Amino acid sequence: MIQTMRNSIDCRCGKTKVYQVDTVEHFVLERKILLHHVPHYYCRSCKEVTYDIDTDIIPLIKLAYRLQLKEFDWQYRNKLTVVFNFNADDELRQDIQSIINENIDSFEDEETFAIIHGSKIIVGERLENIIAVQKIIEKVF
């Protein structure tokens with residue numbers, strides 16, 4: 001069966017929703033989660049967003065909420081992705097990503113982990129194909 005993507009669909013408000021790939025925002029309780037590069041239909045009149053059934057966005061929103069992510073790129077949903085829930089300089093991010101890549105097979109799904117890197121302890125969690133680095137703790141001697 002071949003599916004064809006429509007450029008537009010009718011909106012409930014009587015206007016037309018146009019197909020686009022862009023950032024959408026969702027709220028889970030009071031937390032706003034931005035999803036980038038999501039295919040959807042958008043009505044410029046009433047601002048309503050609609051997804052195709054195979055977009056399956058709800059599991060990604062749940063995952064982002066559970067990992068305390070403020071944003072996530074839809075394009076990386078099926079790839080192993082490392083995300084940071086704190087600000088870190090590029091060098092530290094690269095170091096952490098290298099360490100995670102070296103140890104990825106030892107991280108179980110739905111498992112919290114801690115990695116010692118110099119005088120830092122890196123704490124994170126793996127859910128499916130997303131590694132969320134939650135925080136860094138400085139060791140005090």
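Here the structure is a predicted model, which is why all the values come from computation and not from measurement. Just so it is clear, the values below take in all heavy atoms, side chains as well, and ignore hydrogens, waters and symmetry mates.
At distances below 3.5 Å, not a single donor-acceptor pair connects side-chain atoms of Tyr76 with backbone N or O atoms of Val82.
Summarising the geometry of Thr55 relative to Trp74, their closest heavy-atom pair is O-CH2, 2.6 Å, with the distance given to 0.1 Å. Taking each heavy atom of Tyr19 and Pro39 in turn, the nearest pair found is OH-CB, 3.2 Å.
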All N/O donor-acceptor pairs, side-chain side in residues 88-96, below 3.5 Å, sequence neighbours left out:
from	atom 1	to	atom 2	distance (Å)
Asp89	OD1	Glu91	N	3.2
Asp89	OD1	Leu92	N	2.7
Arg93	NE	Ala88	O	3.2
Arg93	NH2	Phe86	O	3.4

Got a list of side-chain donor-acceptor pairs under 3.5 Å for residues 100-108, not counting sequence neighbours?
from	atom 1	to	atom 2	distance (Å)
Asn101	ND2	Gln97	O	3.2
Asn103	ND2	Ile99	O	2.7
Ser106	OG	Asn103	O	2.6

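Put simply, SG on Cys43 and CZ on Arg12 are 10.5 Å apart, with the number rounded to the nearest 0.5 Å. The CD1 atom of Ile122 lies 8.0 Å from the CZ atom of Phe113; values are rounded to the nearest 0.5 Å. Atom NZ of Lys17 and atom OG1 of Thr50 lie 2.0 Å apart (nearest 0.5 Å).
Geometrically, Arg31 engages Tyr65 in a cation-pi contact, judged by NZ or CZ lying under 6.0 Å from the ring centre and within 45° of the ring axis.
With respect to Glu71 and Lys32, no salt bridge is recorded, no charged nitrogen being found less than 4.0 Å from a carboxylate O. Classification of Glu110 and Arg126 as a salt-bridged pair fails, no side-chain N sitting under 4.0 Å from a carboxylate O.
When the options Asp109, Leu60, Thr81 are evaluated for a side chain to side chain contact (heavy atoms under 4.5 Å, CB included) with Glu128, the one that passes is Asp109.
Asn85 and Gln134 share a side-chain donor-acceptor pair at under 3.5 Å.
Annotation: Phe84, atom CZ; neighbour count of heavy atoms from other residues, nucleotides and ligands within 6.0 Å is above 12.
Listed by chain and residue number, His26 satisfy the side-chain hydrogen bond (donor to acceptor under 3.5 Å, both in side chains) test with Tyr51 (two or more places apart in sequence, or in another chain).
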